[in-house]
Amino acid sequence: MSKIAEALDTLRSELPADVSLVAVSKFHPVEAVMEAYEAGQRLFGESRVQELLQKIPQLPDDIQWHFIGHLQTNKVRQIIGKTRLIESVDSERLINLIDNESEKAGVVTDVLLQIHVACEETKFGFSPEEFLEYFAQGRHKMLRAVRIRGVMGMASNTTDKLRVRNDFQTIHKLYLEIAENVSEYGLEDFNIISMGMSGDWPLAVAEGSNMIRVGSSIFGLRQY
Ligand SMILES: *Cc1c(COP(=O)(O)O)cnc(C)c1O
């Protein structure tokens with residue numbers, strides 16, 4: 001068995017059945033993706049548009065691609081219709097653009113709203129206040145070709161487990177705030193909470209995650 005297949009086996013044996021595993025293949029060659037595919041993996045995550053567009057035609061059609069990186073507004077059009085889920089919608093401007101382009105293309109795009117709670121570098125994402133306000137004011141109701149399926153978030157990059165747990169709890173609370181009131185907000189299928197990566201996914205799952213995004217534990221260190 002290949003190292004990648006072994007790593008997937010181990011992960012699957014540890015993961016509750018109702019948690020989806022997104023294999024994050026960014027910076028890894030198509031050969032590595034193929035190894036995971038042959039081990040049964042169908043759900044993959046990429047964080048750069050260029051890399052995603054290069055990989056898609058080289059790999060099997062039944063792969064479900066999630067986009068998980070910061071999406072620049074000038075690249076939106078290029079990935080419309082190519083993803084199963086855009087997990088990293090980090091601003092209202094971006095979601096409105098995805099909506100426009102999806103409508104023009106005649107497709108419906110499923111997305112998650114990225115929530116920013118972590119203390120550091122990446123400032124991308126809705127703050128908790130912006131997130132709640134967005135729904136409370138009903139601004140999501142203008143979307144015609146986007147379905148908001150849930151939330152995505154990252155915990156602070158720290159060894160302080162309390163801090164990490166606290167970040168996941170904050171994201172979970174915000175998720176429930178909407179998920180428990182879907183009929184009030186006029187939402188359908190708002191049921192995904194994507195949190196947890198190689199270093200912190202067990203904690204994320206303990207705090208309510210039902211989708212984890214794991215790269216280095218499957219593929220090893222990034223190759224380019
Ligand atoms: C790279 C990345 C991951 C995977 O990180 P690993 O630590 O390699 O598991 C998960 N989520 C996002 C948004 C990423 O950019």
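Residue numbers start at 1 and run along the sequence shown. We count ligands from 1, going down the list as the structure has it; atoms in each ligand are counted the same way.
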Is the His140 ring parallel, tilted or perpendicular to the Phe135 ring (thresholds 30°, 60°)?
tilted
Atom indices of ligand 1 within 4.0 angstrom of [X] heavy atoms, with elements:
{"X": "Arg213", "result": "4 (C), 9 (O), 10 (C), 11 (N), 12 (C), 13 (C)"}
{"X": "Ser216", "result": "6 (P), 7 (O), 8 (O), 9 (O)"}
{"X": "Val214", "result": "9 (O)"}

Could you tell me whether Asp62 and Arg42 have a side-chain N and a carboxylate O separated by less than 4.0 Å?
yes
Would you call Lys104 and Glu101 a salt bridge, using N to O less than 4.0 angstrom?
yes
Any N or O on [X] sitting closer than 3.5 Å to an N or O of ligand 1?
{"X": "Ser47", "answer": "no"}
{"X": "Ser217", "answer": "no"}
{"X": "Gly215", "answer": "yes"}

Donor-acceptor contact present, side-chain Ser91 to main-chain Leu94, <3.5 Å
yes
Heavy-atom contact check, 4.0 Å cutoff: does Met154 meet ligand 1?
yes
Compile the donor-acceptor pairs under 3.5 Å between side chains in residues 197-209 and protein atoms, sequence neighbours left out, one pair per line.
| residue | atom | partner | partner atom | Å |
| --- | --- | --- | --- | --- |
| Ser198 | OG | Ser216 | N | 3.4 |
| Ser198 | OG | Ser216 | OG | 3.4 |
| Ser198 | OG | Ser217 | N | 3.0 |
| Ser198 | OG | Ser217 | OG | 3.2 |
| Asp200 | OD1 | Met197 | N | 2.7 |
| Glu207 | OE1 | Gln169 | NE2 | 3.4 |
| Glu207 | OE2 | Arg165 | NH1 | 2.5 |
| Ser209 | OG | Ile193 | O | 3.4 |
| Ser209 | OG | Met195 | N | 3.4 |
| Ser209 | OG | Met195 | O | 2.7 |
| Ser209 | OG | Met211 | N | 3.3 |
| Ser209 | OG | Met211 | O | 3.0 |

Can you tell which part of Lys26 has a heavy atom less than 4.0 Å from ligand 1: side chain, backbone, both or neither?
side chain
Phe190 and Tyr175 aromatic centres sub-6.0 Å
yes
